[in-house]
Structure formats: structure tokens, C-alpha cells
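Below is one structure, written out as C-alpha cells; comments come after it.
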Amino acid sequence: MPFRAPVSDYQFLFEHVVDLQKVIETDRFAEADKDVIDAILTEAGKMCEEVMYPVQRNGDLQGAVLENGVVRTSPGYAEAYGKVAEGGWISTSADPEYGGMGLPHTITTAVNEMMSASCLSLQLNPLMTQGQIEALEHHASDDIKAVYLPKLITGEWSGTMNLTEPQAGSDVGALRSKAEPNGDGSFAVTGQKIYISWGDNDFTGNVCHLVLARLPDGVPGTKGISLFIVPKFIPDENGEPGVANTLKVVSLEEKLGLHGSPTAVMQFDGATGWLVGEAHDGMRAMFTMMNNARLGVGCQGIGVAEGAYQHALAYAQDRTQGRSPIAGGTGTIIDHADVRRMLTTMKADTFAARSIAMACAVAIDMTTATGDKECKARAAFLTPIAKAFGTDTGIAVSEMGVQVHGGMGFIEETGAAQYARDVRVTAIYEGTNGIQAMDLVGRKLMDGGEAAYRLLDEIEANAEEARDTFPELAEPVWEATETLRETTEWLVSQADMNDRFAGSVPFLKGFARVLGAHFHLRAAMGEGEYGARTKLARFYITRLLPEHGGLLAHAVRGAEDLYALSPEDLVA
């Protein structure tokens with residue numbers, strides 16, 4: 001079945017739901033007018049449909065392999081990557097000084113989501129490079145920028161992020177990798193890193209690794225960590241790939257999904273690297289890349305949800321089974337109530353997650369353009385929600401896609417299971433969704449809830465505005481927001497962080513449910529009373545929004561009953 005890039009959905013969302021216009025009206029992004037954005041989205045959609053989607057199954061069926069120390073990528077990946085790079089799709093938001101387009105990050109986020117829908121395994125490569133570009137733009141010296149940014153922006157070189165070690169996963173401060181001065185401004189980096197997405201490939205001229213390591217005088221924990229750029233080939237005096245560095249791919253992980261994306265165990269043996277940012281300040285520099293990646297990973301989940309939905313919809317429109325329960329039905333399974341329930345849920349949740357992610361991206365762009373502290377706080381607050389809800393949605397929608405296929409969903413021939421396998425890791429990497437939720441109720445509420453309350457005020461104001469046109473939708477959104485406000489107030493009042501953490505995941509999910517209702521209501525207001533988006537909004541608000549009640553009741557229970565059962569009780 002063909003893939004259709006959701007270009008029109010983005011055009012509607014930008015105009016009626018998340019107000020991209022305010023970004024365009026800033027001096028920073030004044031050249032990105034509606035005509036430019038529409039053209040970019042249209043061309044990106046064609047690229048996803050015609051270049052990336054055709055290699056989607058190849059990556060699953062013939063994944064990347066390591067042969068005699070060389071990574072061999074899936075059939076068609078090199079050619080597809082070449083067209084992605086040639087089209088400038090890696091550098092849509094990068095600094096024009098080094099060859100980027102300088103477009104709003106919101107546009108890059110939309111393009112990345114469409115790329116994820118068409119071929120997630122391949123999209124991971126540009127996402128890692130984009131994060132590295134942003135980290136270098138913010139923290140690297142001018143000399144490093146001059147050598148690396150032009151090549152990364154064109155896609156001639158690619159980038160990775162090296163944090164995790166066998167003994168240091170979420171606890172990054174436990175890393176053992178070390179860096180020793182060489183006496184010439186470079187450093188010898190030694191250590192092993194695991195789970196390195198696109199740790200190597202056979203289609204870029206160089207692979208540039210951002211590596212966390214500790215200098216000899218670095219204190220224990222995260223405060224003693226520094227960041228280094230360590231290339232596969234050391235650039236020569238002309239900035240071209242020179243001699244091979246002392247690093248290698250030890251092995252590639254055998255994974256549940258994402259077979260086309262080589263996930264490497266990397267070994268650095270005194271490899272030559274250069275400090276990025278200040279000594280012992282590596283976590284701050286790396287978090288620039290990680291925050292970029294967290295929104296990006298949320299959109300990977302949303303993209304897979306889109307792909308899985310389209311796959312399931314096409315099957316449901318074609319599969320005949322039983323008698324149609326409705327007059328004038330098609331005779332296919334799309335006539336059946338439960339199939340219709342699943343498909344509508346898939347579409348409604350994908351729209352909700354997409355809107356949250358785009359609202360986060362708009363806040364990032366407004367921060368970039370204006371430096372406004374409230375925009376910065378909003379972007380920070382929405383990031384964990386966008387990451388966790390986006391990936392949870394991808395997992396749930398792809399699982400429903402298998403269910404829509406029935407028995408054929410369990411058969412690899414249909415390709416339905418690939419979406420479920422590929423997306424599963426997105427809830428784990430770049431900070432598990434549990435860590436995102438803990439961040440939301442921890443650091444993101446350290447302002448006393450101010451950023452959250454400003455968001456809730458806007459949701460209620462929008463619901464008040466909608467009362468005349470959609471009273472039956474506005475009222476439940478307003479009431480749900482009040483419940484969410486009370487829950488937020490309870491969490492802010494808890495001095496014991498473990499009581500917050502105990503309810504953090506249901507709180508995040510409940511917050512996302514209310515945000516989703518808000519954006520669906522805005523879509524109805526933007527479309528009118530009888531359109532398809534309004535019908536979808538009615539489904540979400542009347543059938544899915546009520547879940548917020550149970551989630552928020554869970555969020556205020558505290559931690560005590562979680563520990564009522566001892567480890568021995570759990571075993572028994």
C-alpha cells in the first residue's frame with residue numbers, strides 16, 4: 001500500500017491549532033512565510049513518499065550487519081540517504097552561516113515526523129546529526145564549528161551521541177570513560193559506549209561521535225563530565241577525512257525492531273577528540289542535543305502512529321469478513337463497530353500527540369526568536385509530555401494496527417508488526433517515559449507550578465470562547481482542566497518527592513489527555529460545526545478525555561501504598 005504524507009494535516013494544524021503565525025511574525029523567522037512553509041512541507045512529503053517509504057521494508061527484512069569490522073546498511077538505504085541529504089532535509093533549521101536553511105524548528109519537527117512515518121530506521125540517522133549540529137552551534141569553539149558544521153549540514157558527515165555505558169544507563173554520572181590531554185589541544189578518549197544509534201554506516205564520509213568522558217581532574221558524578229567530539233577519521237589540514245581514529249564498532253545489537261538502524265557497541269582506545277564547551281560542563285552541552293532528541297523521539301512515535309494507522313486503514317477498507325451491520329455498508333471490516341472504534345481512536349490520539357509536539361516546537365521557536373522566559377518555561381514543560389505521550393501513542397496505535405489486521409497482523413508478510421516492533425524502543429531511549437514523568441513533576445514544577453497554571457489558564461479561556469458554538473464540548477474540557485489544576489496544586493504541595501514520583505506517570509498521561517482535548521476543540525473551532533475534524537474532536541472529548549479522571553485520581557495517591565507490598569510479597 002502507498003504511504004501518504006500528512007501535509008494537509010500540518011497545514012491545518014499550523015493555521016488553526018498551534019498558531020505558527022506568531023513565529024513567522026518574529027524578525028528571526030520573517031522569511032519563513034506561509035508560501036515557503038507550504039512548499040517545504042509539500043516537497044518533504046514527496047521525498048517521504050517516493051524516497052524513504054520504498055526502503056521501509058528492506059530495513060526490516062535485511063537489517064544492517066557488521067562484516068569484518070565494516071557496517072553494511074540495508075539495501076537502498078545509501079541511495080535514499082543520499083537523496084535526503086541532497087534535498088537539504090538534514091539542515092532545515094541549521095545556521096545559514098554554515099549552509100543551513102535557518103527555518104523554524106517547528107518545520108523541522110514536522111518534516112522529521114513525516115520521515116519517521118515513512119522509514120523510522122533511516123530517519124534516526126538525520127535526527128542524531130541534527131542534534132549534534134545544535135549542540136555544536138551552541139557550545140563548540142569557532143574552529144570546531146568551521147570544520148564540522150558544514151559537513152554535518154550537507155549530510156556528507158553524520159553525527160552520533162555517546163552517553164550510555166554497560167554500568168551507566170540512566171545514571172550517566174557512573175560512566176568510566178576517560179579523556180587525557182595530548183598536549184596539543186586534543187585529548188585521548190578511552191572507554192566503551194553501548195546503544196549507539198547509527199554508530200557507523202557505509203554512506204557518509206565520516207561519522208562524528210559526541211562522547212561523554214571524564215578528565216583526570218573531573219570530580220565523581222555528572223558535575224565532573226566533559227563532552228568531546230571524536231571523529232571516525234581525523235580531519236586533515238583541509239578539513240577532509242584523514243587518518244583513521246583509534247575507535248571501532250565492537251558489535252551491533254540484535255534488536256526487537258529497527259533492524260535497518262545499526263545500534264553499535266563502540267570502543268574508544270585513546271581516540272583523538274576535542275573538547276566541546278567548557279571542561280566538566282559536558283552534561284549541559286549534551287542536554288542541548290538530548291532535549292532536541294526528546295522532542296524528536298516523541299515525533300518518531302507520532303510518525304509511526306501515522307504509518308501504522310494508514311496501514312491498518314487500507315487493510316480495513318479491503319478486508320471482507322462477515323455481514324455488514326450497517327445499511328449501505330462497504331462489506332469490509334471497516335463497517336464493524338469495534339474496527340471503527342480502533343481506527344477512530346488511532347486517528348484521534350495521533351492528532352492529539354501531534355498537536356502537543358507542535359505546540360512544544362512553537363514554544364522552542366518563540367524562545368529562540370524572542371528570548372521570552374515564559375516561552376522557554378513552556379517549551380521545557382511540554383518537552384517531557386511531548387516525548388512520553390508521543391511515544392506511548394505510537395506504541396498503542398501500532399498495537400491497535402496489528403489488532404485491526406486480525407490474524408494477519410501476526411504474520412510478518414503484512415508488515416503490520418514492524419510498526420509495533422520498531423516503535424517500542426522510543427519509550428525507552430532519550431530518557432525513559434518514567435523519567436520524563438519524574439522530570440515533569442520534579443524540575444518542571446519547581447517554579448511552584450507557574451508554567452503549568454499559565455497553560456491551564458489558556459485551555460480554560462479557549463473553552464470559554466468555544467461555549468457558544470460547541471457547548472457540549474467546551475464544558476467537559478473546562479471541567480477536566482479544573483480537575484487537572486487541583487491535581488497540579490496537590491503535587492506542588494508535596495515536600496516528599498517520592499510522593500510526586502509515585503503519581504508522575506498517570507499525571508503526565510492525564511495532562512496529555514486534557515491537552516489533547518484542548519487541541520481537538522481548537523481544531524473544531526477552526527473548521528466549523530460539521531467537518532470531519534469536528535467529528536473527530538467530538539469522539540476524543542466524549543470518549544477519550546474521560547480517562548483523565550482515573551489517571552489524575554491515581555496521581556494524588558502518594559507513594560505509601562506502592563511500598564505496602566514488600567519484595568517478598570511480590571515474589572509470593
Side-chain angles (χ1 to χ4, degrees), residues 81-82 84-86 88-102 105 108 124-163 177 179 181-182 184-189 193 196-213 226-247 249 264 266 268 271-279 281-293 296:
Y81 176 85
V84 170
E86 182 182 346
W89 300 114
I90 297 171
S91 55
T92 47
S93 291
D95 190 340
E97 180 180 348
Y98 297 97
M101 295 186 194
H105 188 63
T108 297
L124 257 172
N125 185 296
L127 181 69
M128 292 292 98
T129 301
Q130 288 167 359
Q132 186 168 117
I133 289 169
E134 186 170 9
L136 295 181
E137 285 178 349
H138 282 83
H139 302 286
S141 67
D142 289 342
D143 287 344
I144 288 177
K145 289 179 183 179
V147 172
Y148 289 89
L149 284 178
K151 293 288 199 299
L152 291 167
I153 284 171
T154 61
E156 295 174 67
W157 296 359
S158 60
T160 74
M161 177 167 56
N162 290 245
L163 289 80
S177 294
N182 286 325
D184 60 357
S186 69
F187 295 81
V189 178
K193 300 289 185 176
I196 309 307
S197 296
W198 282 98
D200 199 8
N201 66 71
D202 54 4
F203 49 67
T204 63
N206 209 349
V207 181
C208 309
H209 302 281
L210 280 181
V211 184
L212 288 178
S226 300
L227 182 64
F228 303 86
I229 189 158
V230 186
K232 177 181 178 181
F233 297 103
I234 299 173
D236 63 19
E237 64 276 8
N238 298 315
E240 299 299 327
V243 299
N245 212 340
T246 51
L247 58 86
V249 177
M266 297 296 305
F268 300 87
T272 302
W274 289 266
L275 185 66
V276 175
E278 299 296 324
D281 196 29
M283 287 304 296
R284 186 171 69 92
M286 183 60 88
F287 261 109
T288 300
M289 186 173 186
M290 289 175 66
N291 283 330
N292 174 297

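Note that the structure is a prediction, hence the values are computed from the model and not measured.
Closest approach of P241 to F233, counting heavy atoms only: CB-CB, 3.8 Å. Between S93 and H105, the shortest heavy-atom distance links the atoms OG-CA, 3.4 Å. Between V189 and A179, the shortest heavy-atom distance links the atoms CG2-CB, 4.2 Å. The nearest pair of heavy atoms linking S226 to L275 is CB-CD1, 3.8 Å. Considering all non-hydrogen atoms of both residues, A264 and G199 come closest at CB-CA, 4.1 Å. Heavy-atom minimum distance, A85 versus G155: CB-CA, 4.1 Å.
Within the model, atoms NZ of K193 and OG of S177 stand 3.5 Å from one another, a figure rounded to the nearest 0.5 Å. Residue F268 holds its CZ atom at 9.5 Å from OG1 of T246, rounded to the nearest 0.5 Å. Between the CD1 atom in I234 and the CH2 atom in W274 there is a gap of 5.5 Å [rounded to 0.5 Å]. Rounding to the nearest 0.5 Å places CD1 of I196 at 7.5 Å from CG of L163. Residue I153 holds its CD1 atom at 11.0 Å from CE of M101, rounded to the nearest 0.5 Å. In this structure, T160 OG1 and L124 CG are separated by 12.0 Å, a value rounded to the nearest 0.5 Å.
Looking at T129, its side chain does come within 3.5 Å of a backbone N or O of N125 through a donor-acceptor pair. Looking only at distances, a side-chain donor or acceptor of N245 sits under 3.5 Å from a matching main-chain atom of T272. No donor-acceptor pair under 3.5 Å is formed between the side chain of Y148 and the backbone N or O of W157.
Here D95 pairs with E97, Y98, E137 under the side chain to side chain contact (heavy atoms under 4.5 Å, CB included) rule; sequence neighbours left out. The side chain to side chain contact (heavy atoms under 4.5 Å, CB included) search around P96 returns none, not counting sequence neighbours. For M283, the side chain to side chain contact (heavy atoms under 4.5 Å, CB included) test picks out V172, L212, T222, I225, F287, with sequence neighbours left out.
The side chain to side chain donor-acceptor pair (under 3.5 Å) test with T204 is passed by exactly one of N201, D202, N206: N201.
Using a 4.5 Å heavy-atom threshold, the side chains of H209 and I229 count as separate. For the pair Y81/I90, a side-chain contact is recorded, criterion being any heavy-atom separation below 4.5 Å from C-beta on. Considering only heavy atoms from C-beta on, L227 stays 4.5 Å or farther from H139 through its side chain. Two residues are said to be in side-chain contact when any heavy atoms from C-beta on lie closer than 4.5 Å; M128 and S158 fail this criterion.
Using the six-membered ring where Trp is involved, W198 and F203 have ring planes that are tilted, between 30° and 60° apart.
Counting only N and O atoms by type, the side chains of S186 and D184 include a donor and acceptor under 3.5 Å apart.
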